Amino acid sequence: MNSSPLRWVPSLYFAQGLQFFVVMLIAGLMFKNLGVSNADIARWTGLMGLAWAFKPLWSPLIELVPSKKRVVVIAQAIGAAGLAAVALALQLPAWFALSIAVFFVLAYASATHDIACDGLYMASLDAKRQAAYAGWQGAFFNASKFLTLGGLLVLAGWLEKRHGVANAWSVIFLLLALLLAGLAVWNAKVLPPAIGMPPARAQLWQNFAEVLVDFLKKPGIGWFFLFIVLFRFAEGQVQTIGPLFLIEPRDKGGLGLSTEQVGGIYGTAGTAAFLVGSILGGYFTAALGLRRAMPVLLVAMMIPNAVFWGLAKVLPTDLWLTTAAISVEMAGYGFGFVGMILFIMQVVAPGRFNTAHYALGSGVMQLGFIFSKTISGDVEQALGYEAFFAWTVLAGLPVLLLWFWVRRRVMAPAAAA
């Protein structure tokens, strides 16, 4: 009996996002509260993020696994164990080196999870349902960000005042470990079974070469690469520095919010705005089609840059005004990010090896994100917060201009082919 996508898409992508954002965002906030500089945070989390850029190298191996569902569940179990290990590492003298080492393991387990997760999604849904549920996919992927950045961050702030930063974050990572373990149990029950037969093991290396050659021969692939990288160029910088700006003291150009206040904003109005924006973005794109919807999605992706620029310029003291601004930012981000998911899924990935090609496309996307994330700390320290966010507004414009070229000059011949 087939399981309704609404039973498994939310939990599947919530678990995917949870692992990703713990490494790429929550780790940075923890390090910030433990006294690590913005530049070091951006640099180390950027290096961890290379796992998602390199995942295409082993994506053909996942094509050979009969059950992608099994890979998903095992990876989630490994992730739960890793989160518990971080909680322990924070109690040891060499906490920084140990936690960095565990985060690297978590990153590569999570990247492997992504390959199987996206392959299962594409194999289980046709193109129309992929578009319809892309909003749910994106919403719950990023909802994990706002649960951790919301409720758990509020709890972390409360615990920090009473038990110290290291003890507080040990508790947080234990809770995250329990949550991911619970999701692994649930997904083992509700995920749909594997569809189709994998290639024979004897064809492993031939399959790997064939997957890569087939990918690179896609019409317009170079332009697709450039579009994917530019899509996330500004976003990677804003999503790295934005939360740090909120908790930076006001005498250093930040808003000076407490950990609890930031958690409250993202955990309530920010989460609601993001979920609504993501779901609406999915249905909007399903109704118009990707070609017609993409310009609107790209403009929506520029909203976070403009919002943070305004916040850095005005430095409001009214918490309600800040909450409203972050809500607008989150709604725009959620609405626009659907475009990246569907561009890779429906333009880049289709073909004989859609799981591996989606992973390759995602890897290119991650390279752009990691590059922008890695440089963001140094750029911010060189420019200051206000000029930095103004720069990200400009950095979001090239992809909009490139889209019209890609749509008219590249996508049409590719479709004809």
Side-chain angles (χ1 to χ4, degrees), residues 20-50 52 103 142 145-146 148-150 153 229-259 261-263 265-266 270 274 301-316 322-323 325-330 332-334 336-337 366-397 399:
F20 177 79
F21 287 118
V22 161
V23 175
M24 299 301 289
L25 179 60
I26 302 307
L29 290 168
M30 178 189 73
F31 289 143
K32 181 72 173 177
N33 286 355
L34 286 165
V36 182
S37 70
N38 285 0
D40 284 339
I41 291 170
R43 193 173 297 115
W44 278 108
T45 56
L47 288 173
M48 294 172 199
L50 288 174
W52 286 272
F103 280 130
N142 285 285
K145 171 184 177 179
F146 303 116
T148 52
L149 199 54
L153 198 59
V229 169
L230 290 179
F231 190 104
R232 303 202 71 183
F233 182 61
E235 175 219 343
Q237 298 179 71
V238 170
Q239 296 303 318
T240 300
I241 301 300
L244 304 180
F245 159 75
L246 296 178
I247 61 178
E248 190 77 76
R250 296 185 72 86
D251 60 3
K252 295 183 179 179
L255 290 189
L257 301 181
S258 69
T259 303
Q261 286 174 322
V262 173
I265 291 172
Y266 279 111
F274 183 85
M301 285 294 289
M302 298 179 191
I303 292 174
N305 315 347
V307 167
F308 272 108
W309 181 32
L311 288 173
K313 191 175 185 65
V314 176
L315 293 178
T322 301
T323 300
I326 296 299
S327 298
V328 172
E329 181 239 335
M330 289 294 97
Y333 179 38
F337 193 76
Q366 193 63 17
L367 278 174
F369 180 79
I370 291 306
F371 171 72
S372 61
K373 181 180 182 68
T374 302
I375 67 171
S376 62
D378 293 307
V379 175
E380 181 276 318
Q381 290 193 342
L383 299 178
Y385 283 114
E386 182 180 344
F388 170 78
F389 289 123
W391 148 250
T392 66
V393 172
L394 297 177
L397 294 175
V399 69

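FYI, side chains are in, hydrogens and waters are out, and symmetry mates aren't considered; it's all heavy atoms of this structure. Treat the numbers as computed from the prediction; the structure is a model and nothing was measured.
- Side-chain contact between I303 and V328: present, with at least one pair of heavy atoms (C-beta onward) separated by less than 4.5 Å.
- Contact annotation: the side chain of M24 approaches that of W52 to within less than 4.5 Å [non-hydrogen atoms, C-beta and beyond].
- Residue V22 comes nearest to F103 through the heavy atom pair CG1-CE2, 4.0 Å, listed as atom of the first residue, atom of the second, then distance.
- Listed here is the closest heavy atom pair of G46 and T374: CA-OG1, 3.5 Å.
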CA sep, side-chain torsions, deciding dist, call: V229, F371, side-chain contact (heavy atoms from CB on, under 4.5 Å)
CA-CA 9 Å; V229 169; F371 171 72; over 6 Å; no
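- Summarising the geometry, atom CD1 belonging to I247 is positioned 11.0 Å from atom CG belonging to L255; distances are rounded to the nearest 0.5 Å.
- Side chains of E386 and L315 form no contact here, defined as non-hydrogen atoms less than 4.5 Å apart.
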All N/O donor-acceptor pairs, side-chain side in residues 27-34, below 3.5 Å, sequence neighbours left out:
| unit_1 | atom_1 | unit_2 | atom_2 | d |
| --- | --- | --- | --- | --- |
| K32 | NZ | N38 | OD1 | 2.8 |
| K32 | NZ | E248 | OE1 | 3.1 |
| N33 | ND2 | E160 | OE2 | 2.9 |
| N33 | ND2 | T259 | OG1 | 3.3 |

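- Between A42 and T45, the closest heavy-atom pair is O-OG1, 3.4 Å.
- Note that CG of L47 is 8.5 Å distant from CD1 of I370, once rounded to the nearest 0.5 Å.
- Atom CE of M302 sits about 10.5 Å away from atom CG of L394, to the nearest 0.5 Å.
- Across all non-hydrogen atoms, the minimal contact from L257 to Q261 is CA-OE1, 3.4 Å.
- Between Y266 and M330 the shortest side-chain heavy-atom distance falls below 4.5 Å.
- Between the CG atom in L50 and the CG atom in L367 there is a gap of 7.0 Å [rounded to 0.5 Å].
- Atom OG of S37 is separated from atom CZ of R43 by 7.0 Å, given to the nearest 0.5 angstrom.
- The six-membered or imidazole ring of F308 lies away from that of Y385, with a centre-to-centre distance of 6.0 Å or more.
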List the atom pairs, with distances to 0.1 Å, where a side-chain N or O of residues 230-243 and a protein N or O form a donor-acceptor pair under 3.5 Å, not counting sequence neighbours.
| unit_1 | atom_1 | unit_2 | atom_2 | d |
| --- | --- | --- | --- | --- |
| R232 | NE | E235 | OE1 | 2.8 |
| R232 | NH2 | E235 | OE2 | 2.9 |
| E235 | OE2 | Y333 | OH | 2.7 |
| Q237 | OE1 | W391 | NE1 | 2.8 |
| Q237 | NE2 | F233 | O | 3.2 |
| Q239 | OE1 | K145 | NZ | 2.6 |
| Q239 | NE2 | E329 | OE2 | 3.4 |
| T240 | OG1 | G236 | O | 2.7 |
| T240 | OG1 | K373 | NZ | 3.3 |

I would like to know whether F389 and F245 meet side-chain contact (heavy atoms from CB on, under 4.5 Å); could you show each step before the answer?
CA-CA 10 Å; F389 289 123; F245 159 75; 3.8 Å; yes
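- Minimum heavy-atom separation, N305 to G396: ND2-CA, 4.4 Å.
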